[in-house]
S.K.: 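Encoded as structure tokens, here's the structure I'll be asking about.
Model, not experiment: these values are computed from the prediction. When reading the values below, keep in mind they use all heavy atoms of this one structure, side chains included, and skip hydrogens, waters and symmetry mates. Just so you know, residue 1 is the first one in the sequence shown, and it goes up from there.
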Amino acid sequence: MTSKGRLSAPLIAACTVVAMLSVALPARAERADRDKPTQIESDRMSSDEARGLTIFDGHVVVTQGTIAVRADRIVVRQEADGLRHITATGDPVHFKQRTDASGGKPGVWIDGEARRVEIDERTERVELFEDARLTRDRDEVRGNQISLDQRAESFSVTSGAQTSEGRVRAVIQPKAPPPAK
């Protein structure tokens, strides 16, 4: 807190990282995660309030409840209107979260990785770049870029020369049939 009782820019940026990741990742995290404390560890952190820029650098680990993010670097940019853009880079960036239970079934784990993950609060989009992979339960999709649109609740995957196979790859596991009536 500052002497005037306001939260400091670095603290706001730290809270923003987890809030954005928990809302913007490919599926909603457990609701209970929002009430859990946020922990951010890194080798270094710098904040430039005038530019609206906070950087967590070196072995960055963000946890909140079931959400875990590991990156080499996380940069938070805050626009004048308060909306934020987060860029996480790593070799690769890893994330994992558990979804809420639904339809009498327990929540499932979602994990993913890419060399760069960008979260844009204004457009409500999450982009995974370079060797991108998402796994939900045991279903998996891979490509050079995975784009998630939270408003439309849709995603797309593109290939690229940089991917090992040069094509999009999806593995969809057979689902158990609904119980007979």
Side-chain angles (χ1 to χ4, degrees), residues 14-42 56 58-76 84 86-121 123-159 162-165 167-179:
C15 294
T16 297
V17 169
V18 170
M20 286 298 299
L21 291 171
S22 67
V23 170
L25 286 175
R28 301 283 186 224
E30 286 187 336
R31 282 185 203 81
D33 286 344
R34 289 176 262 229
D35 298 328
K36 302 280 172 65
T38 300
Q39 296 181 5
I40 301 175
E41 297 178 11
S42 64
F56 298 90
H59 305 96
V60 184
V61 178
V62 180
T63 57
Q64 183 184 30
T66 69
I67 300 167
V69 179
R70 295 181 183 279
D72 294 336
R73 181 179 186 137
I74 295 178
V75 177
V76 180
R84 290 166 285 269
I86 297 171
T87 302
T89 54
D91 193 18
V93 175
H94 292 277
F95 61 85
K96 183 175 183 175
Q97 72 182 61
R98 187 176 177 98
T99 63
D100 277 319
S102 175
K105 295 181 182 177
V108 297
W109 284 100
I110 293 177
D111 68 88
E113 64 183 26
R115 295 194 186 281
R116 186 174 87 236
V117 177
E118 294 191 17
I119 301 168
D120 189 326
E121 199 172 37
T123 62
E124 296 181 38
R125 293 184 64 84
V126 179
E127 309 260 12
L128 290 81
F129 296 95
E130 300 178 54
D131 296 325
R133 176 193 57 79
L134 280 176
T135 303
R136 179 185 167 116
D137 205 7
R138 293 181 354 215
D139 295 341
E140 180 179 89
V141 64
R142 290 178 179 265
N144 189 54
Q145 180 179 350
I146 301 174
S147 298
L148 303 135
D149 184 331
Q150 294 296 305
R151 289 180 187 161
E153 296 183 8
S154 64
F155 73 96
S156 64
V157 184
T158 58
S159 64
Q162 299 87 346
T163 57
S164 57
E165 292 113 19
R167 296 174 51 91
V168 169
R169 180 172 180 224
V171 177
I172 303 168
Q173 300 296 330
K175 306 297 182 237

S.K.: Once salt bridge (charged side-chain N to carboxylate O under 4.0 Å, His left out) is applied, what residue pairs with a partner in residues 58-71 remain, sequence neighbours excluded?
M.R.: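 Sorted pair list comes back empty.
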S.K.: Do other residues, nucleotides or ligands put more than 12 heavy atoms under 6.0 Å from E124 CD?
M.R.: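 More than 12 heavy atoms, drawn from other residues, nucleotides or ligands, come within 6.0 Å of this atom.
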S.K.: Less than 4.5 Å apart, side chain to side chain, heavy atoms only: is that true for K175 and D139?
M.R.: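 Touching, per the 4.5 Å side-chain cut-off.
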S.K.: What closest approach, in Å, do Q97 and I67 show between heavy atoms, and which atom pair accounts for it?
M.R.: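 Closest pair (atom of Q97, atom of I67, distance): CB-CG1, 4.1 Å.
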S.K.: Kindly give the heavy-atom pair with the smallest separation between D72 and D91, and that separation in Å.
M.R.: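 Closest heavy-atom pair between D72 and D91: OD2-N, 3.3 Å.
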S.K.: Start with the C-alpha distance between L134 and L148, add both sets of side-chain angles, then the distance that settles side chain to side chain contact (heavy atoms under 4.5 Å, CB included), and finish with yes or no.
M.R.: CA-CA 11 Å; L134 280 176; L148 303 135; 4.2 Å; yes
S.K.: Would a 4.5 Å heavy-atom cut-off, applied to side chains only, mark E130 and R116 as touching?
M.R.: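 SC-SC contact between E130 and R116 confirmed.
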S.K.: Could you tell me whether a side-chain N or O of N144 sits under 3.5 Å from a main-chain N or O of T158, the two making a donor and an acceptor?
M.R.: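 Checking the backbone N and O of T158 against the side chain of N144, no donor-acceptor pair under 3.5 Å is found.
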S.K.: OG1 of T87 to CD of E118: how many Å apart, nearest 0.5 Å?
M.R.: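 Those atoms lie 4.0 Å apart.
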S.K.: Heavy atoms, side chains only, cut-off 4.5 Å: are F129 and T89 in contact?
M.R.: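 SC-SC contact between F129 and T89 ruled out.
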S.K.: In Å, rounded to the nearest 0.5 Å, how long is the span from CD1 of I40 to CD of Q64?
M.R.: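 I40 atom CD1 to Q64 atom CD measures 9.5 Å (nearest 0.5 Å).
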S.K.: Scan the side chains in residues 105-114 for donor-acceptor partners under 3.5 Å anywhere in the protein, sequence neighbours excluded, and list what turns up.
M.R.:
{"unit_1": "D111", "atom_1": "OD1", "unit_2": "R133", "atom_2": "NH1", "d": "2.8"}
{"unit_1": "D111", "atom_1": "OD1", "unit_2": "R133", "atom_2": "NH2", "d": "3.0"}
{"unit_1": "E113", "atom_1": "OE1", "unit_2": "H94", "atom_2": "ND1", "d": "3.2"}

S.K.: Considering all heavy atoms of both residues, which atom of S42 and which atom of V60 are nearest to each other, and what is their separation?
M.R.: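 S42 and V60 have their closest heavy atoms at CB-CG2, 3.9 Å.
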S.K.: Write down the atom of V157, the atom of R142, and the distance for their closest heavy-atom approach.
M.R.: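 In terms of heavy atoms, the two residues are closest at CG1-O, 3.6 Å.
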S.K.: Step by step, work out the side chain to side chain contact (heavy atoms under 4.5 Å, CB included) result for I86 and I74.
M.R.: CA-CA 7 Å; I86 297 171; I74 295 178; 3.9 Å; yes
S.K.: Restricting to side chain to side chain contact (heavy atoms under 4.5 Å, CB included), what partner residues turn up for S147, sequence neighbours left out?
M.R.: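 Partners of S147 by the side chain to side chain contact (heavy atoms under 4.5 Å, CB included) criterion, ordered by chain and then number, come out as R125, E127, Q145, S156.
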S.K.: Work out which heavy atom in V93 is nearest to a heavy atom in R115; give both atom names and the distance.
M.R.: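 Scanning both residues completely, I find the closest heavy atoms to be CG2-O, 4.0 Å.
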